[in-house]
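Each remark here refers to the structure printed beneath this line.
Computed from heavy atoms alone, side chains included, the values below leave out hydrogens, waters and symmetry copies.
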Amino acid sequence: QVQLVESGGGLVQAGGSLRLSCAASGRTFSSRAMGWFRQAPGKEREFVVSIRWSGGNTVYADSVKGRFTAFRDNALNTAYLQMNSLKPEDTAVYYCAAGLFSVAGQAYDYWGQGTQVTVSS
């Protein structure tokens with residue numbers, strides 16, 4: 001069993017930065033890929049990034065490539081999403097998830113509760 005708790009969301013101006021954290025409990029954290037997804041009001045959930053358990057491989061959505069960076073510290077059971085050059089269209093609830101290395105939400109077994117990110121123009 002893995003439990004995930006996101007933090008670090010908030011309100012930021014366009015062009016600013018935020019770092020999201022996803023703290024995991026459970027001994028299987030380091031063996032699972034971590035994914036970040038987001039959902040804006042009235043829109044479907046959207047893939048953001050997936051990072052392998054080793055941290056050596058990542059895949060990003062085109063919309064965030066070059067601006068967002070995912071990394072993880074398995075010793076701390078924590079995954080991170082560094083978000084730079086934020087745009088108003090990045091406004092959404094951000095979720096972390098643990099599972100298989102994939103862009104598909106169905107590949108992830110465990111989900112956090114989400115953290116709100118709001119980017120003002």
Side-chain angles (χ1 to χ4, degrees):
Q1 189 79 4
V2 176
Q3 292 183 325
L4 306 173
V5 178
E6 300 100 333
S7 61
L11 173 64
V12 64
Q13 289 188 330
S17 298
L18 283 174
R19 177 178 291 185
L20 305 184
S21 299
C22 176
S25 61
R27 289 176 288 181
T28 59
F29 170 79
S30 62
S31 66
R32 295 179 181 269
M34 296 298 296
W36 289 91
F37 293 78
R38 66 187 182 186
Q39 188 166 20
K43 295 187 176 182
E44 293 187 353
R45 184 179 62 195
E46 177 188 24
F47 168 78
V48 177
V49 59
S50 184
I51 179 168
R52 285 195 186 275
W53 69 270
S54 65
N57 292 90
T58 52
V59 58
Y60 292 89
D62 288 343
S63 59
V64 306
K65 203 173 292 183
R67 300 187 298 122
F68 290 11
T69 302
F71 57 102
R72 60 192 294 168
D73 187 333
N74 289 339
L76 296 179
N77 278 5
T78 303
Y80 303 92
L81 182 64
Q82 177 67 41
M83 305 185 296
N84 298 328
S85 303
L86 283 161
K87 305 175 181 179
E89 51 263 44
D90 294 318
T91 295
V93 177
Y94 283 71
Y95 299 90
C96 65
L100 299 176
F101 183 64
S102 173
V103 303
Q106 299 92 315
Y108 296 85
D109 304 302
Y110 302 99
W111 292 80
Q113 84 288 350
T115 185
Q116 177 71 46
V117 172
T118 303
V119 184
S120 63
S121 57

Over all heavy atoms of both residues, which pair between [X] and [Y] is shortest? Give the atoms and the distance, please.
X: Thr58; Y: Ala70; value: CG2-O, 4.3 Å
X: Ser121; Y: Ala14; value: CA-CB, 4.4 Å
X: Thr78; Y: Ser21; value: CG2-CB, 4.3 Å
X: Gly112; Y: Tyr95; value: O-CD2, 3.6 Å
X: Gln113; Y: Val5; value: OE1-CA, 3.6 Å
X: Ala24; Y: Leu4; value: CB-CD2, 3.5 Å

At what distance, to the nearest 0.5 angstrom, does [atom1] of [X] lie from [atom2] of [Y]?
X: Asn57; Y: Arg52; atom1: CG; atom2: CZ; value: 5.0 Å
X: Gln3; Y: Asn77; atom1: CD; atom2: CG; value: 12.0 Å
X: Tyr94; Y: Glu46; atom1: OH; atom2: CD; value: 7.5 Å
X: Ser63; Y: Asp90; atom1: OG; atom2: CG; value: 7.5 Å
X: Cys96; Y: Arg72; atom1: SG; atom2: CZ; value: 10.5 Å
X: Ser120; Y: Gln13; atom1: OG; atom2: CD; value: 5.0 Å

> Ignoring hydrogens and geometry, is there a side-chain-to-backbone donor-acceptor pair from Gln39 to Ala92 under 3.5 Å?
Replying inline: no
> Arg67 side chain to Ser85 main-chain N or O, any donor-acceptor pair under 3.5 Å?
Replying inline: yes
>> Applying the side-chain contact (heavy atoms from CB on, under 4.5 Å) criterion to Arg32, which one of Tyr110, Phe101, Trp53 satisfies it?
In response: Tyr110
>> By the definition side-chain contact (heavy atoms from CB on, under 4.5 Å), identify the one residue from Thr118, Leu86, Leu81 that meets it with Leu18.
In response: Leu86
Same cluster or not: are [X] and [Y] linked, directly or through other Ile, Leu, Val, Met, Phe, Trp or Tyr residues, by side-chain heavy atoms under 4.5 angstrom apart?
X: Phe71; Y: Leu76; value: yes
X: Met83; Y: Trp36; value: yes
X: Ile51; Y: Tyr80; value: no
X: Tyr60; Y: Val48; value: yes
X: Val2; Y: Tyr108; value: no

> Where does the angle between the aromatic ring planes of Phe47 and Phe37 fall among parallel (under 30°), tilted (30 to 60°) and perpendicular (over 60°)?
Replying inline: perpendicular
> Regarding Arg19 and Gln82, is there a side-chain donor-to-acceptor distance under 3.5 Å anywhere?
Replying inline: yes
>> What verdict does the salt bridge (Lys or Arg N to Asp or Glu O under 4.0 Å) test give for Lys65 and Asp62, after you've listed the backbone C-alpha separation in whole Å, the side-chain angles of each residue and the deciding distance to 0.1 Å?
In response: CA-CA 5 Å; Lys65 203 173 292 183; Asp62 288 343; 3.0 Å; yes
> Do Thr91 and Gln116 have side chains that get closer than 4.5 Å, going by heavy atoms?
Replying inline: yes
